[in-house]
**Student:** 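Okay, handing you the structure first.
Throughout, numbering of the chain's residues begins at 1 and tracks the sequence.
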Amino acid sequence: MSIRLAIASILIILTPLMQTRALAEEQVLNGIAAVVNSEVITYSQVQDLVGTREKSLEEQFKGQDLADKVRDLRLAAVQLLIDNQLILQEFNKNKFSIPDYVVDEQVQARVKEQFGGDRAAFIRTLEAQGMTMDRFRTMVRDDIIVSAMRQKSVTVNTIISPEKIQEYYEKNHATYSTAEQVHLRMIVLKENGQTGKQMAEELRQKVLGGADFDKLAEMYSEDTATAPNGGDWGWIDRKTLNDSLTKMAFSLKPGDVSDVVELAGSYYLLYVQEKKAETTQPLAAVHDDIENKLMEQERQEAEQKWIASLRQKAYIWIDGITNNDGVVTPEHASADNSPATGN
C-alpha cells in the first residue's frame, strides 16, 4: 500500500471520530446549566462569560488549585446569569421598554471606546467570534436593562446618620492612620567572632566622630542589596524588621547611631536619618469618603434583598442542584454536572 493511500485510509477512519468529538463538545456547551422560569441558560453562555478569565487562571494556578478556582468562577457566572435573567423577566413583566436609539448610542459608544470608531474592525471582530450584529445589540440592550433595573429598584437612604459614620471611623481607625516610621540606614557585617564585632565597634566610633554613615555603609556593609545605596532601607514601620532590630531602630532619635547589635552570627549598626510619628486623619477629613462607602453598602444590601425577592417568586432549576433557592454554592454543585466540569 502506498503512503498516500495509507494516509487517506487513516483520514477516512479519523474524520467520523473527529466529527463525533466536535459534536459532543458542542452538545456540552449547549447543555442546560440552569432554567429560570421558562428561560434556559446554557453552558456556552457560562463559557462566554468566563472564558478569558479562565485562561488567566491557567497561567497562575495548576492542578487542584486551578480546578477549584475555575469551578468557583463558573459557579459565580451561573449565579450572575440567573440574577440577570430574573431582572430581564421583571422588566418584561412590567412592560417596560427601552427606545432603540438608546441601544444605538451604547453600541456606538462601545465601537468608539474599543475600536477607535472603526466600525469595519468592529464587524470583523464580531464575525471572528461567531456573533451577529443582532445578537450583539440584544446583549447591549440586556446590559442596559439590567443596569437600569438595579438602580431603579433599589432605594437607599440619601443621608447616613452621624452615629453610623462615627462608628465606622472608630472600627476602621487603622485605615485612616499612618504608623510610626523611621528612615533607616544599616551596616551589616557577616564576619563571625571577635573580628567582626571589633570592626563594627570601630565603624560606630567613626560615625560618632563625624564620619558619614552612608559612605561607611557603601564601603563596609556586606548587605549587597543596600550597600550600594549607603545602607538605605528607606522608610520602615514596626513590621519590617525582626523584634530586636525594630526595638533598636525605634529607640533612636534622628541622627543617632545604635550600639552594635549581634544577631545570628552577624553584627549590625543602625542609623536613623529621619522619623515620622504616627498620624491619624481627623474624622472631618474622611467624613465624605465614609458616608459614600456606607451608602454603597446600603445600596448593595438593598439590591441583594430585591434580587432575593425575585428568586423567591421564580422557578429556578440548576444543573446538579435539587432545591429551588436559586443560589449557587460549591456545596450545591454536583461534581459531575456542575459548570466546572462541563468542558
Side-chain angles (χ1 to χ4, degrees), residues 22 25-60 69-70 72-154 156 292-293 295-296 299-300 302-304 306-307 310 328 339-340 342-343:
E25 291 178 349
E26 182 179 354
Q27 288 174 339
V28 168
L29 287 175
N30 289 330
I32 298 175
V35 176
V36 183
N37 291 319
S38 60
E39 298 295 330
V40 169
I41 294 172
T42 66
Y43 284 117
S44 62
Q45 289 175 276
V46 177
Q47 195 60 36
D48 286 344
L49 198 59
V50 302
T52 302
R53 293 173 65 187
E54 279 189 22
K55 291 180 180 178
S56 177
L57 289 175
E58 289 170 2
E59 297 174 358
Q60 302 176 54
K69 294 289 184 182
V70 169
D72 290 346
L73 179 63
R74 293 182 182 179
L75 291 173
V78 171
Q79 185 65 76
L80 179 60
L81 289 169
I82 289 172
D83 290 347
N84 287 351
Q85 188 56 241
L86 287 169
I87 293 171
L88 291 171
Q89 291 176 10
E90 184 72 7
F91 177 87
N92 293 328
K93 186 180 74 174
N94 285 278
K95 298 182 179 180
F96 296 141
S97 63
I98 290 183
D100 288 342
Y101 76 84
V102 174
V103 179
D104 292 337
E105 288 177 353
Q106 185 59 38
V107 169
Q108 291 300 325
R110 295 192 184 189
V111 172
K112 182 177 181 180
E113 178 183 348
Q114 299 175 20
F115 298 90
D118 188 341
R119 191 172 182 83
F122 165 67
I123 297 296
R124 288 196 299 272
T125 301
L126 287 185
E127 291 175 349
Q129 295 174 347
M131 184 180 297
T132 65
M133 174 59 79
D134 286 343
R135 183 184 172 198
F136 182 77
R137 283 179 56 82
T138 299
M139 290 173 60
V140 171
R141 177 180 178 276
D142 289 351
D143 287 347
I144 295 171
I145 290 172
V146 169
S147 178
M149 288 291 286
R150 284 179 182 271
Q151 293 181 21
K152 179 181 183 300
S153 302
V154 173
V156 298
N292 290 335
K293 286 181 178 178
M295 287 181 65
E296 179 59 21
R299 191 199 69 78
Q300 291 179 1
E303 183 178 304
Q304 288 304 312
W306 172 61
I307 292 177
L310 296 182
V328 185
N343 288 324

**Student:** How would you list, by chain and number, every residue that makes a side-chain hydrogen bond (donor to acceptor under 3.5 Å, both in side chains) with Asn292, sequence neighbours excluded?
**Tutor:**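 In terms of side-chain hydrogen bond (donor to acceptor under 3.5 Å, both in side chains), with neighbours along the sequence ignored, Asn292 is linked to no residue.
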**Student:** Hey, could you give me each pair passing salt bridge (charged side-chain N to carboxylate O under 4.0 Å, His left out) that has a residue in residues 107-125? Not counting sequence neighbours.
**Tutor:**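 Salt bridge (charged side-chain N to carboxylate O under 4.0 Å, His left out) check on residues 107-125 returns Arg110-Asp143.
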**Student:** Establish, from distance only, whether the side-chain atoms of Glu296 and Gln300 form a donor-acceptor pair under 3.5 Å.
**Tutor:**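 On atom types as modelled, these side chains qualify, holding a pair under 3.5 Å.
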**Student:** Is there a donor-acceptor pair under 3.5 Å between the side chain of Gln89 and the backbone N or O of Val36?
**Tutor:**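 Between the backbone of Val36 and the side chain of Gln89 there is a qualifying donor-acceptor contact (under 3.5 Å).
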**Student:** Which residue pairs pass the side-chain hydrogen bond (donor to acceptor under 3.5 Å, both in side chains) test with at least one member in residues 90-105, sequence neighbours excluded?
**Tutor:**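 The answer is Glu90-Lys93, Glu90-Asn94, Asp104-Arg137.
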**Student:** Considering only residues two or more places apart or on different chains, which pairs with a residue in residues 125-136 satisfy side-chain hydrogen bond (donor to acceptor under 3.5 Å, both in side chains)?
**Tutor:**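 Every pair satisfying side-chain hydrogen bond (donor to acceptor under 3.5 Å, both in side chains) with a residue in residues 125-136: Asp48-Arg135.
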**Student:** Closest approach of Arg141 and Ile98, non-hydrogen atoms and distance?
**Tutor:**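 Smallest heavy-atom distance, with atoms named: O-CD1, 4.5 Å.
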**Student:** Run the side chain to side chain contact (heavy atoms under 4.5 Å, CB included) test against Ser153 and tell me which residues pass, sequence neighbours left out.
**Tutor:**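 Ser153: side chain to side chain contact (heavy atoms under 4.5 Å, CB included) contacts with Met149, Trp306.
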**Student:** Using side-chain hydrogen bond (donor to acceptor under 3.5 Å, both in side chains) as the criterion, list what pairs up with Gln151, not counting sequence neighbours.
**Tutor:**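 Applying side-chain hydrogen bond (donor to acceptor under 3.5 Å, both in side chains) to Gln151 gives none.
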**Student:** Taking side chain to side chain contact (heavy atoms under 4.5 Å, CB included) as the test, write out the residues that go with Leu57, two or more places apart.
**Tutor:**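 Scan of Leu57 (side chain to side chain contact (heavy atoms under 4.5 Å, CB included), adjacent residues dropped) gives Phe61, Leu66, Lys69, Val70, Leu73.
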**Student:** How would you list, by chain and number, every residue that makes a side-chain hydrogen bond (donor to acceptor under 3.5 Å, both in side chains) with Glu303, sequence neighbours excluded?
**Tutor:**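 By the side-chain hydrogen bond (donor to acceptor under 3.5 Å, both in side chains) rule, Glu303 matches Arg150, Arg299.
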**Student:** Which atom names give the shortest non-hydrogen contact between Val46 and Ala77, and what distance separates them?
**Tutor:**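 Smallest heavy-atom distance, with atoms named: CG1-CB, 4.1 Å.
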**Student:** How long is the gap from CZ on Phe96 to NZ on Lys152, to the nearest 0.5 Å?
**Tutor:**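 Spacing of CZ (Phe96) from NZ (Lys152) equals 4.0 Å.
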**Student:** CD1 of Ile41 to CD of Gln85: how many Å apart, nearest 0.5 Å?
**Tutor:**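 These two atoms lie 6.0 Å from each other.
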**Student:** Taking atom CG of Leu310 and atom CD1 of Ile87, what is their separation to the nearest 0.5 Å?
**Tutor:**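 Spacing of CG (Leu310) from CD1 (Ile87) equals 7.0 Å.
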**Student:** Quickly, which of Asn84, Leu88, Val103 forms a side chain to side chain contact (heavy atoms under 4.5 Å, CB included) with Ile145? Name it, please.
**Tutor:**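 The side chain to side chain contact (heavy atoms under 4.5 Å, CB included) with Ile145 is passed solely by Leu88 among Asn84, Leu88, Val103.
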**Student:** List in chain and number order the residues that pass ring-ring contact (aromatic ring centres under 6.0 Å, His included) with Phe122, two or more places apart in sequence or in another chain; answer none if no residue qualifies.
**Tutor:**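 If we apply the ring-ring contact (aromatic ring centres under 6.0 Å, His included) test to Phe122, skipping adjacent residues, the hits are Phe115, Phe136.
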**Student:** In Å, rounded to the nearest 0.5 Å, how long is the span from CE of Met131 to OG1 of Thr138?
**Tutor:**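 Interatomic distance, Met131 CE to Thr138 OG1, rounded to 0.5 Å: 10.0 Å.
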**Student:** What's the separation between atom CZ in Arg53 and atom CZ in Arg74, rounded to the nearest 0.5 Å?
**Tutor:**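 If we round to the nearest 0.5 Å, Arg53:CZ and Arg74:CZ are 12.5 Å apart.
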